[in-house]
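Counting convention: from 1, in listed order, for ligands and their atoms alike. Computed from a prediction, not measured in an experiment: that's the story for all the values here.
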Amino acid sequence: MTAAPSGGAEPALRDNGPPGPPWRTAALVADVLVPDDGPPVPCPAADLLAGSLTRAGVPVRRGPVALPGTGGGAGAVLATVLDAPGPEGAHGRAGTARGAGASGTASGVGLGVEVEGPDGGPAAGEAVQAAFSAWQEVAGAPRQVLLAAPRSFCAGVERAVEIVERALEQRGSPVYVRKQIVHNTRVVAELEERGAVFVDELDAVPEGETVVFSAHGVSPAVRDDADRRGLSVIDATCPLVTKVHAEARRFASRGDTVLLIGHGGHEEVEGTLGEAPSRTVLVQTPEEAARVEVPDPGRVSYLTQTTLAVDETAEIVDALRARFPALRGPASDDICYATTNRQDALAAIAAESDTVLVVGSDNSSNSVRLVELAERHGTPAHLIDGPGDIRPEWLAGARAIGLTAGASAPPALVDAVVDALRGLGPLSVEEYETARETVHFTLPAPVRRR
Ligand code: SF4
């Protein structure tokens, strides 16, 4: 296989990574390059390349790569090496290196290295070459990140995550959590590592055990079920969701039909619907608002899911009000402060961005709404769980990258995206703050004391 980039010296390559499993062929993506005549050179774009390789079906391993004789001044962009077991095992294969290169970029020196091991098939080799080339094509160009603020965790998510952490500290593992505590893959994976067990329904929780209800809330039927099973419940429902539940009960008890604006199947909507199921009707679109029927048009209220798009929801409320002039709503908006603030912040930068990246998982309602909002401003937008999901073609020609994160996405993932982009070339970061958040919710009594 050919060496990746050209130009400069062609140093020998030595795989200096940690011993790995006995793979047939895997791509080693360098976290750091280790010249023997200079300081280690970090490879901040490693996540980008690793993500492309994973999508291409190439097993990926991460680790340092020794690169003797390159000098200490190299600002490495990307590095790969195909790793395959030789007769001597998976490591110590300096002799299999066939080439290496270095090429100058605006940010320093981009290093790309590929090595074909004895079993490295051409398919994997081509995939590595293609992934490397795609990133190399967009490396080196100066870029600007327009960072929306507020972004990432809201007060309800911080509280929910802390509740599970404290429950684990106080009660030990396992602590069962009904549904994902918040809709984020990374958060759930990290809590799982610490001993949380996520279940879809309560029948998966052994009697007498602790169960945490997620931030999205549950219906009264679920609470009753937990009581029947003798479970020790810790409720991590966001207080702003609890407020909507209380409104649903109040509106229904005064004899209204409650029109709940939201997305069917979302856990928050399921929970709110369960407060007064015989009196609540789900309305998802302006079209549904135009045809919904109620027993008494003079006694109608509406509520909304907390994580909807503000502009789209206003359209639905207007459509309902046109049909039911006596329509009553909540005293204050059900779309929560965090959802509103993140949408306002993104709206301030979306039109100036060439592309928008929204950090969040695909089941996160408020994150998906952010992607749609950017698109309504005419800017292509992409939902990513982290830097590994970024595609090189999204960055081709993009000089201004709008960056935000849904309310369930950890701030560290935004930092990781910025770091990875910095690995591609010169990067300036400018934050645009449209609101300052000071909301904090107290913890529920069962976990209040450490
Ligand atoms: Fe609560 Fe809003 Fe955060 Fe949902 S997005 S957890 S309603 S603060």
Next on the checklist: When you compare the side chains of Thr306 and Asp334, does any donor N or O come within less than 3.5 Å of an acceptor on the partner?
Outcome noted: no

Checklist entry - Side chains of Asp256 and Ser301: is there a donor and an acceptor less than 3.5 Å apart? => result yes

Checklist outcome for this item: Per-atom filter on ligand 1: closer than 4.0 angstrom to a heavy atom of Tyr337 are 8 (S)

Checklist entry - At a 4.0 Å threshold, what atoms of ligand 1 neighbour a non-hydrogen atom of Thr306? => result 7 (S)

Checklist entry - Between Asp31 and Arg62, is there a salt bridge with N-O shorter than 4.0 Å? => result yes

Next on the checklist: Between Arg151 and Glu433, does any side-chain N to carboxylate O distance fall below 4.0 Å?
Outcome noted: no

Next on the checklist: Ring-plane angle category for Tyr337 and Phe441, please: parallel below 30°, perpendicular beyond 60°, tilted otherwise.
Outcome noted: perpendicular

Next on the checklist: Just to confirm my output: which protein heavy-atom neighbour is closest to atom 2 (Fe) of ligand 1, and how far is it?
Outcome noted: Cys336 SG, 2.3 Å

Checklist entry - Is the distance from atom 2 (Fe) of ligand 1 to some N, O or S atom of Cys154 under 2.8 Å? => result no

Item to check | N, O or S atom of Cys238 closer to atom 1 (Fe) of ligand 1 than 2.8 Å | outcome: yes

